[in-house]
Amino acid sequence: MRTLSTAAWTGPAGDALYAVLIYLLIALVLPARPRVLVAGLALAGCLAVELLQLTGLSADLGALWPPLRLVLGTTFGFADLVAYAGGVALAYATDRLLGVGFSRAARTP
């Protein structure tokens, strides 16, 4: 997102899309699980990555291998947590609305 523009909205939009990606990856790995569980795990994963940034470890790892900066980030930001929650909520709502979720087995009676 940040390569598209330098506008203020690109940071939160990128964080929200990161959370959508995490939701989709978890849904692919756990196809028979209820969507609410997938959403919870996605949010927990995003929170864990953001809290890891408080330790400085993610910045150190990113310095050793720069691609990790894209996955782990470098600095903690409370606004990132809000964007993650919004991204997971968007992915969950879209999954429910479209009814094309990966957890089809969990929805059948």
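What you see is a predicted model; the values in this text were computed from it and never measured.
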Is there a path of hydrophobic side-chain contacts, each under 4.5 Å between heavy atoms of I, L, V, M, F, W or Y residues, that connects L41 with V49? yes
Distance, nearest 0.5 Å, that separates CZ of R33 from CD1 of I26: 12.5 Å
Q53 side chain to A59 main-chain N or O, any donor-acceptor pair under 3.5 Å? no
Nearest 0.5 Å, please: how far is CG in D60 from CG in L72? 11.0 Å
The residue among L28, T94, V38 that forms side-chain contact (heavy atoms from CB on, under 4.5 Å) with Y23 is V38
Decide whether V88 and L47 are clustered together by the hydrophobic rule: side chain heavy atoms of Ile, Leu, Val, Met, Phe, Trp, Tyr closer than 4.5 Å, transitively. yes
Return the CG to OG distance between L52 and S58, rounded to the nearest 0.5 Å. 5.0 Å
OG1 of T74 to CZ of R69, rounded to nearest 0.5 Å, is 5.0 Å
Shared ILVMFWY cluster between I22 and L24, side chains joined below 4.5 angstrom? yes
Would you name the heavy atoms of P12 and A83 that are closest together and state the gap between them? O-CB, 3.6 Å
Do you know which two heavy atoms are closest between L68 and G62, and how far apart they sit? CB-CA, 4.3 Å
L70, F76: one ILVMFWY side-chain cluster at the under-4.5 Å cut-off? no
Tell me if the aromatic rings of Y84 and Y18 count as close, with their centers under 6.0 Å from one another. yes
Same apolar cluster (I L V M F W Y, side chains within < 4.5 Å links), L51/V82: yes
